[in-house]
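To keep things clear, I will list the structure first and then write my remarks on it.
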Amino acid sequence: MFEATDIRDWIGLTVVDEAEDKVGTLESIYYDTATSEPAFGSVTTGLVGFQKLLFVPLVGATVAPKHLRVAFPKKLVKDAPSIPTDGELEASTEPVLYEHYGLQYKTGSGGERRLGRR
């Protein structure tokens, strides 16, 4: 396992937790707007027709040839705030998302959003 130099290369691959339980499939990357570093991954979960996107922090994540391993347990990820697969992450959800994982949330100096999708 190693850190990814370009996490976007792993979009479409399986996401597993620290115990290697499958969480879902990496759908996209959300970047910290202050640092331009990858901050969260959105993960597709659920059955076809009932899928949703969950968000998981990428801090401590490592990659292998066939999956991305996140540093959070599957249950915590499954209980995270979610959006429909065709939805958008609302600004009001960002603080809740950070709080869910016990991470500090702080907007930019002008009150701008913390996460941006590229």
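Note that the numbering runs from 1 along the sequence shown for the chain. Computed from a predicted model, the values in this text were never measured in an experiment.
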Non-hydrogen side-chain atoms of [X] and [Y] separated by less than 4.5 Å:
{"X": "F50", "Y": "T85", "value": "no"}
{"X": "V77", "Y": "D17", "value": "no"}
{"X": "P81", "Y": "V96", "value": "yes"}
{"X": "L68", "Y": "L58", "value": "yes"}
{"X": "L26", "Y": "L13", "value": "no"}

Self-check item: Y31 to P38 - nearest heavy-atom pair and separation
Solution: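 Shortest heavy-atom separation between Y31 and P38 comes out as CD2-N, 3.5 Å.
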Practice problem: Compare every heavy atom of T25 with every heavy atom of V15, then report the nearest pair and how far apart it is. | Solution: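 The answer is CG2-C, 4.2 Å.
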[X] side-chain N/O to [Y] backbone N/O, donor-acceptor pair under 3.5 Å:
{"X": "H100", "Y": "L76", "value": "yes"}
{"X": "W10", "Y": "A64", "value": "yes"}
{"X": "K74", "Y": "V16", "value": "no"}
{"X": "K78", "Y": "V23", "value": "yes"}

Practice problem: Start with the C-alpha gap between L54 and S82, add the side-chain angles, then the distance that decides, and say whether side chain to side chain contact (heavy atoms under 4.5 Å, CB included) holds. | Solution: CA-CA 5 Å; L54 299 171; S82 65; 3.5 Å; yes
Quiz item: How long is the gap from CD1 on I29 to CG on L115, to the nearest 0.5 Å?
Solution: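 Here the rounded value is 11.5 Å.
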Practice problem: Salt-bridge test for R113 and E94: reply yes if a basic N is under 4.0 Å from a carboxylate O, no otherwise. | Solution: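 The answer is yes: the pair qualifies as a salt bridge.
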Quiz item: For the rings on Y98 and F55, is their centre-to-centre separation under 6.0 Å?
Solution: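 Distance test on ring centres: not under 6.0 Å, no.
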Exercise. With sequence neighbours excluded, give me every ring pair (Phe, Tyr, Trp, His ring centres under 6.0 Å) pair touching residues 73-93.
Key: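 Applying ring pair (Phe, Tyr, Trp, His ring centres under 6.0 Å) to every pair that reaches into residues 73-93, excluding sequence neighbours, yields nothing.
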Exercise. Apply side-chain hydrogen bond (donor to acceptor under 3.5 Å, both in side chains) to K106 and list each qualifying residue two or more places apart in sequence or on a separate chain.
Key: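 Partners of K106 by the side-chain hydrogen bond (donor to acceptor under 3.5 Å, both in side chains) criterion come out as none, since no residue qualifies.
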Practice problem: Verify side chain to side chain contact (heavy atoms under 4.5 Å, CB included) between F40 and L103, making sure each step is shown before the conclusion. | Solution: CA-CA 12 Å; F40 279 81; L103 302 172; 4.2 Å; yes
Quiz item: Residues in salt bridge (charged side-chain N to carboxylate O under 4.0 Å, His left out) with K75, at least two apart?
Solution: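 In terms of salt bridge (charged side-chain N to carboxylate O under 4.0 Å, His left out), with neighbours along the sequence ignored, K75 is linked to D79.
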Quiz item: salt bridge (charged side-chain N to carboxylate O under 4.0 Å, His left out) with D32: which residues, sequence neighbours excluded?
Solution: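 Partners of D32 under the salt bridge (charged side-chain N to carboxylate O under 4.0 Å, His left out) test: R114.
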Quiz item: Counting heavy atoms not belonging to E18, are there more than 12 under 6.0 Å from its CD?
Solution: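 Check passes, neighbour count above 12.
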Exercise. Given side chain to side chain contact (heavy atoms under 4.5 Å, CB included), test L97 with Y105 step by step and report yes or no.
Key: CA-CA 9 Å; L97 186 59; Y105 180 79; over 6 Å; no
Practice problem: Sorted by first residue and then second, give each side-chain hydrogen bond (donor to acceptor under 3.5 Å, both in side chains) pair with at least one member in residues 36-54; sequence neighbours left out. | Solution: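 Passing the test, one end in residues 36-54: E27-S42, S28-S42, S36-R118.
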Quiz item: Taking only residues two or more places apart in sequence or in another chain, which ones pass side chain to side chain contact (heavy atoms under 4.5 Å, CB included) with E90?
Solution: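 Checked E90 against side chain to side chain contact (heavy atoms under 4.5 Å, CB included); matches are S92, T93.
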